[in-house]
Structures are given as structure tokens and as C-alpha cells.
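Note that the structure is a prediction, hence the values are computed from the model and not measured. For ligands, and for the atoms within them, numbers begin at 1 and follow the listed sequence. Note: hydrogens, waters and symmetry copies are ignored here, and every other heavy atom, side chains too, is used.
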Amino acid sequence: MTLQSSSRFDLVVVGAGIVGLAHAYTAAQRGLKVCVVERDAACVGASIRNFGFITVTGQGAGDTWRRAWRAREVWGEVAPQAGIEAIHQGLYLTAFRPQARTVIEAFLRTEMGEGCALLEPAEAARRAPALQLDGAQAVLYSPHEMRVESRTAIGLLARWLAEAHGVVFRFGEAVLEVATPHVRTSRAVLQADRVVVCTNTELHGLFAERLAPHALRLCQLQMLRVMPEPGFRLPGSVMADLSLVRYHGYSKLPEAAPLLEQIQREEGESLAHGIHLIVVQSADGSLVVGDSHHYGAAPEPFASEHVDTLILRHLRETLRLREATVTARWVGTYPSSPDTDCLIDAPDDATRVVLVTSGTGASTAFGIAEEVFAGW
Ligand SMILES: Cc1cc2nc3c(=O)[nH]c(=O)nc-3n(C[C@H](O)[C@H](O)[C@H](O)COP(=O)(O)OP(=O)(O)OC[C@H]3O[C@@H](n4cnc5c(N)ncnc54)[C@H](O)[C@@H]3O)c2cc1C
């Protein structure tokens, strides 16, 4: 078969979500000729459905936290060039239970607490009037976080990669087979020295036989967009007690065990639905609010009103809101591993499969991509 030069690349990336785009960016920075193949007409997967909450504080100690640090730096460099606005920065996590304050104090004693601070409620009220602090024990403040509007940021990033870095995008074209150097799509056969497969929830497609031993399940999340009263401003991203028993940077601390027991007694239903609160704000003032976590081989796509009601109760307990009109609801899905936050597999020397197997891809993808290339 004769291949035209337009079909030959140093690297083909499968999937135009944040993980694929991070690999495309990292490769382009190294001077490689890159093509991204995406089966949909635009990315409509997890990468546009998330909070756009680029989180460092609370990520699991070790690899995930380190990758998040690096990814946060890269986002800081890339976002202004790609025309992506950092809508707000920092994190405020309100501890309502004394045991939650103990977890924050323990977190601040770790290396991951660098730059973060415990705010007494009076100080938090002064700095962040939007927080509902009645009965609060303390607030963890972290300056590291950044929030982007994912539903537009992913498209802007792809456009910038094409225009500024010459990355070729082939949208609306499914990859059917990868046998590097050949990549067979629904429209063509491409040739590439290397291939990175970043197909997220497609556990039964490319390299299914290599993914099977990893016991991956799908995790489905419910999300809401809520319009508060005019003029309501969040100081940064907001979380609360339930996040301390969910995000590994806190939940793996020994001090989190008694908190988990207490929350199981008091908020057993929310825990059963995997609910913890994250709230971020968009440029139009609306809040993106979530989330829940339901696991399975094929989670049903039907969002539960009851779960939304629970999430909205946590919202009202955590923010001083006069109005909260739901304007949109959606679900999103990611693969979940019992063992690792990120799976990097090498079917052969020239091929990598990279799946973020936790809800951390927006926060870590740029760091992961650098590691993939460093070790390749
Ligand atoms: C609701 C929700 C909220 C989240 N919130 C956050 C957050 O705030 N912060 C954070 O860090 N992380 C968050 N996450 C996790 C994060 O969104 C994911 O880890 C990340 O988006 C995964 O990126 P991806 O590129 O692997 O997946 P995707 O964005 O799903 O992209 C994969 C792409 O591959 C394409 N594809 C699949 N198969 C093929 C094929 N055969 N050929 C061509 N294309 C193919 C798909 O069409 C898709 O566009 C959240 C996740 C969800 C679901």
C-alpha cells in the first residue's frame, strides 16, 4: 500500500480528550509531527463534562500529587496561549466536624500542605463571604488550584495545538485497529512511528485484551449547573467534609478513619451514592456542582433526582445561597481501577495505552504525558 505524506506521522494519538491532547502537546513540544484521531465530531467525553477543577491539594500522595503539581504548571503556561481563561484560583474546604479539622491539621503537616493554610472561621468569613460557616470548625485554604471552563477549554486547546503547533486533527474518524506503525481508521490507514491510545471509557475496544486483567469498572457521576442570585461570587473552588474521606491526599491519612466512621453514621446515604461536594463557578456566575459516584460494568445513563437532591442539600449547607436554580444536569463517566489512579501500558515498544483510572485527568494529564515521553 502506498501512503501519502499526509498520512505519515511521528506520533498518532487516539482520542481528543485532555489525555490525548496532553500527549499531543508534549510531543509537539519535542518537535514531533503529530496527528490526533477522534471518532466524534468533537470531544464530548469526560474532558468536557468535568468541573475543570485542576486540583493539586487532595490528590493522592506520590505519583498523582507529583503529576498534578507538574500539570498545574503546564496549565499555567498553556492556558493563556490557548485563550483559556483561569476563571478562579485556589480551594476553600470547610470542615464542619471537629474530626474534619483534625484531618486538615494532619494534612498540613505533610509535604503536600506546603503553601496551604488552616483558616479559623472568622478569618474565612472575612476572606470568603460566600461560604456558609455556621458551626464550621475551620477552613483549609489552598492557593494551588485553577478552574477552567472545560466545555470550551478542550476545543480551544485543540484549536491552538492545530494552529500554533501544527498538530493535525482528524475528527469524526474512529480508530479500528492499532498495529504500530499502522493505524487503521474508519477512513484511512495512517502510518506512525509511535501511537498513544487515550480512549478513556472504551474498555472493550482497542487493546481490550490488555485492559481486561486490570479489573477496571466504569464510574458514573451526576453533575448540575446551578444559577445563584446575581452578584454571587465564589472565592475559589469549594469542598467540605465528605471530600476529606474521598480524595486520597486526605482520606489515606490515619486521622481520616474516625471521620469516615462519623460520616458513615451521619451521612450514610450520601456515602452510599459516593457523594461529596465540589462547587466551581463559571464566567456567567453559574455554579458547576457535583458529584456522585456509581460503579459498574455498564452504568445506566439515567440520572437520579434523589441523588441530585442530596447534592443540592450539601450545596446549601456549604454556601450562603439565596437562590439556586438548576439550569442543566448531565452524567459523565471514567474508568476506575482498584489499584491505581493511572494506567500506562506498553503493548509494544512503539505503542502506549494511557488511561486515567480515577477522576483526576484534568489535573494530571500534562504531568502523565511528560512521564510517558521521558520513559519512552
Ligand atoms: C463528571 C466528571 C467530573 C470530573 N471532574 C474532574 C475535575 O474537575 N478535575 C479532574 O482533574 N478530573 C475530573 N474528572 C476526570 C477527568 O475528566 C478525566 O480523567 C479525563 O477527562 C479523561 O480524559 P480522556 O482524554 O482520557 O477521556 P475523554 O475526554 O473521554 O476522551 C477520550 C476520547 O477518546 C475518543 N475515542 C474513544 N475510542 C476511540 C476510537 N476507537 N477512535 C477514536 N477516538 C476514540 C472518545 O470519543 C473521546 O473523545 C471528572 C470526570 C467526570 C466524568
Side-chain angles (χ1 to χ4, degrees), residues 12-24 35-56 58-59 64 67-68 71-72 75 91 145-151 153-155 157-158 169-178 183-187 190 195-208 218-224 237 239 243 247 274 276 278-280 288-294 299 303 329-337 341-343 353-369:
V12 163
V13 177
V14 187
I18 187 61
V19 177
L21 297 183
H23 284 85
C35 175
V36 177
V37 188
E38 164 60 52
R39 70 175 171 197
D40 288 323
C43 173
V44 289
S47 301
I48 68 150
R49 299 175 190 219
N50 63 32
F51 293 92
F53 180 27
I54 296 157
T55 322
V56 176
Q59 299 291 5
T64 308
R67 289 165 176 163
R72 171 65 182 85
W75 268 112
L91 159 70
E145 286 57 45
M146 172 176 166
R147 201 262 149 170
V148 299
E149 188 69 54
S150 291
R151 61 183 178 175
I154 296 300
L157 190 54
F169 282 86
R170 297 175 70 114
F171 283 103
E173 185 167 339
V175 172
L176 306 177
E177 185 186 11
V178 173
V183 177
R184 187 165 63 86
T185 80
S186 48
R187 297 180 192 280
L190 309 177
V195 179
V196 187
V197 175
C198 309
T199 48
N200 198 30
T201 51
E202 295 306 302
L203 305 183
H204 308 293
L206 300 171
F207 297 107
L218 294 180
C219 175
Q220 185 161 282
L221 292 70
Q222 286 186 212
M223 304 279 287
L224 303 121
S237 304
M239 300 170 109
S243 305
Y247 266 42
H276 79 129
I278 300 177
V279 193
V280 297
V288 177
V289 184
D291 51 14
S292 56
H293 297 78
H294 295 102
R329 302 169 196 263
W330 65 99
V331 295
T333 309
Y334 61 72
S336 172
S337 157
D341 286 350
C342 175
L343 183 67
V353 178
V354 183
L355 297 191
V356 175
T357 48
S358 57
T360 62
S363 307
T364 57
F366 285 115
I368 293 166

> Check ligand 1 against T360 and write out every atom of the ligand that is under 4.0 Å from a heavy-atom position of the residue.
10 (C), 11 (O), 12 (N), 15 (C)

> For V148 versus M146, what's the shortest heavy-atom pair and its separation?
CG1-CE, 3.8 Å

> Among G361, C198, A365, P335, which one puts a heavy atom closest to atom 18 (C) of ligand 1?
G361

> How close does the nearest protein non-hydrogen atom get to atom 17 (O) of ligand 1, and which residue and atom is it?
N50 ND2, 2.9 Å

> Report yes if some N/O of A174 lies less than 3.5 Å from some N/O of ligand 1; otherwise report no.
no

> Can you tell me how far the CD1 atom of I368 sits from the SG atom of C342, to the nearest 0.5 Å?
3.5 Å

> Find the distance between CG (L343) and OG1 (T357) and round it off to the nearest 0.5 Å.
6.0 Å

> Going by side chain to side chain contact (heavy atoms under 4.5 Å, CB included), V197 matches just one of V175, L206, V183, V13. Which one?
L206

> Could you see which bit of M223 sits under 4.0 Å from ligand 1, with heavy atoms only: side chain, backbone, both or neither?
side chain

> For residues V356 and G361, report the shortest heavy-atom separation together with the two atoms involved.
CG1-N, 3.6 Å

> With backbone taken as N, CA, C and O and side chain as the heavy atoms from C-beta onward, which portion of V37 lies under 4.0 Å from ligand 1: side chain, backbone, both, or neither?
backbone

> Out of W330, F171, F53, whose heavy atom is nearest to atom 9 (N) of ligand 1?
F53

> So for G205, does at least one of its heavy atoms come nearer than 4.0 angstrom to any atom of ligand 1?
no

> Regarding atom 21 (O) of ligand 1: of the candidates A22, S47, G17, A41, which has the closest heavy atom?
S47

> Applying side-chain contact (heavy atoms from CB on, under 4.5 Å), run through L203 and L218 and close with a yes or a no.
CA-CA 9 Å; L203 305 183; L218 294 180; 3.8 Å; yes

> When rounded to the nearest 0.5 angstrom, what distance separates OG in S292 from CD in Q220?
8.0 Å

> Which option, I48, D291, L218, V19, owns the non-hydrogen atom nearest atom 24 (P) of ligand 1?
V19

> What protein heavy atom sits nearest atom 30 (O) of ligand 1, and how far away is it?
N200 ND2, 2.9 Å

> Out of curiosity, H294 NE2 to Q222 CD, how far, rounded to the nearest 0.5 Å?
6.5 Å

> What's the shortest heavy-atom distance between S363 and A71, and which atoms?
O-CB, 3.1 Å

> If you take all heavy atoms of A46 and N200, which pair is closest and at what distance?
CB-ND2, 3.6 Å

> Can you tell me how far CD of E38 sits from CD of E173, rounded to the nearest 0.5 angstrom?
10.5 Å

> Looking at ligand 1, does T333 have a heavy atom less than 4.0 Å from it?
yes

> Test your reading of the structure: does I18 have an N or O sitting under 3.5 Å from an N or O of ligand 1?
yes

> Nearest protein heavy atom to atom 12 (N) of ligand 1, by residue and atom, and its distance?
G359 O, 3.0 Å

> Enumerate the atoms of ligand 1 whose separation from the nearest heavy atom of R49 is less than 4.0 angstrom.
1 (C)

> In Å, rounded to the nearest 0.5 Å, how long is the span from CG of D291 to CG of L224?
10.0 Å

> Checking side chain to side chain donor-acceptor pair (under 3.5 Å) for the pair S237/E145: CA distance, chi angles, key distance, verdict?
CA-CA 8 Å; S237 304; E145 286 57 45; over 6 Å; no

> Between L176 and ligand 1, which residue portion shows a heavy-atom distance shorter than 4.0 Å: side chain, backbone, both, or neither?
neither

> Please report whether ligand 1 has a polar contact with R39, defined as an N or O pair separated by less than 3.5 Å (distance criterion only).
yes

> Give the residue and atom name of whichever protein heavy atom lies nearest to atom 34 (O) of ligand 1, and the separation in Å to one decimal.
G15 CA, 3.3 Å

> Output the list of atoms in ligand 1 that are nearer than 4.0 Å to some heavy atom of G52, sorted by atom number.
8 (O)

> How does S363 reach ligand 1, by side chain, by backbone, by both or by neither, if only non-hydrogen atoms under 4.0 Å count?
both

> For G45, take its heavy atoms, then give the atoms of ligand 1 lying under 4.0 Å from any of them.
29 (O), 30 (O)

> Does an N or O from L221, backbone or side chain, lie closer than 3.5 Å to an N or O of ligand 1?
no

> Answer with side chain, backbone, both or neither: which part of E202 has a heavy atom less than 4.0 angstrom from an atom of ligand 1?
side chain

> Closest approach of F171 and A16, non-hydrogen atoms and distance?
CE2-CB, 4.0 Å

> Tell me whether the rings of H293 and H276 are parallel (<30°), tilted (30 to 60°) or perpendicular (>60°).
tilted

> Which residue owns the protein heavy atom closest to atom 39 (C) of ligand 1, what's the atom, and how far is it?
T199 CG2, 3.5 Å

> Output the list of atoms in ligand 1 that are nearer than 4.0 Å to some heavy atom of G332, sorted by atom number.
53 (C)

> Do you know the tightest heavy-atom contact between A68 and Q59?
CB-CG, 3.8 Å

> In this structure, which one of N50, L157, V288 forms a side chain to side chain contact (heavy atoms under 4.5 Å, CB included) with S150?
N50

> So which bit of S358 gets within less than 4.0 Å of ligand 1, heavy atoms only: side chain, backbone, both or neither?
backbone

> Which ligand 1 atoms are under 4.0 Å away from a heavy-atom of V14?
40 (C), 42 (N), 43 (C)

> Where is the nearest protein heavy atom to atom 47 (O) of ligand 1: which residue, which atom, and how far?
E38 OE2, 2.6 Å

> Identify, with sequence neighbours excluded, every residue that meets side-chain hydrogen bond (donor to acceptor under 3.5 Å, both in side chains) alongside T64.
D341

> Taking distance alone, with no angle check, do L206 and ligand 1 share an N/O pair under 3.5 Å?
no

> Pull out every atom of ligand 1 sitting under 4.0 Å from any heavy atom of D40, numbered as shown with elements.
47 (O)

> If you measure from each non-hydrogen atom of V356 to ligand 1, which part falls under 4.0 Å: side chain, backbone, both or neither?
side chain

> Taking the minimum heavy-atom distance to atom 41 (N) of ligand 1, which of V197, V175, V354 ranks first?
V175

> Should you measure from each heavy atom of Y334, which atoms of ligand 1 turn up under 4.0 Å away?
51 (C)

> Please output the side-chain donor-acceptor pairs of residues 329-336 that fall under 3.5 Å, not counting sequence neighbours, one pair per line with the distance.
from	atom 1	to	atom 2	distance (Å)
R329	NH1	E305	OE1	3.4
R329	NH1	D308	OD2	2.7
W330	NE1	R49	O	2.9

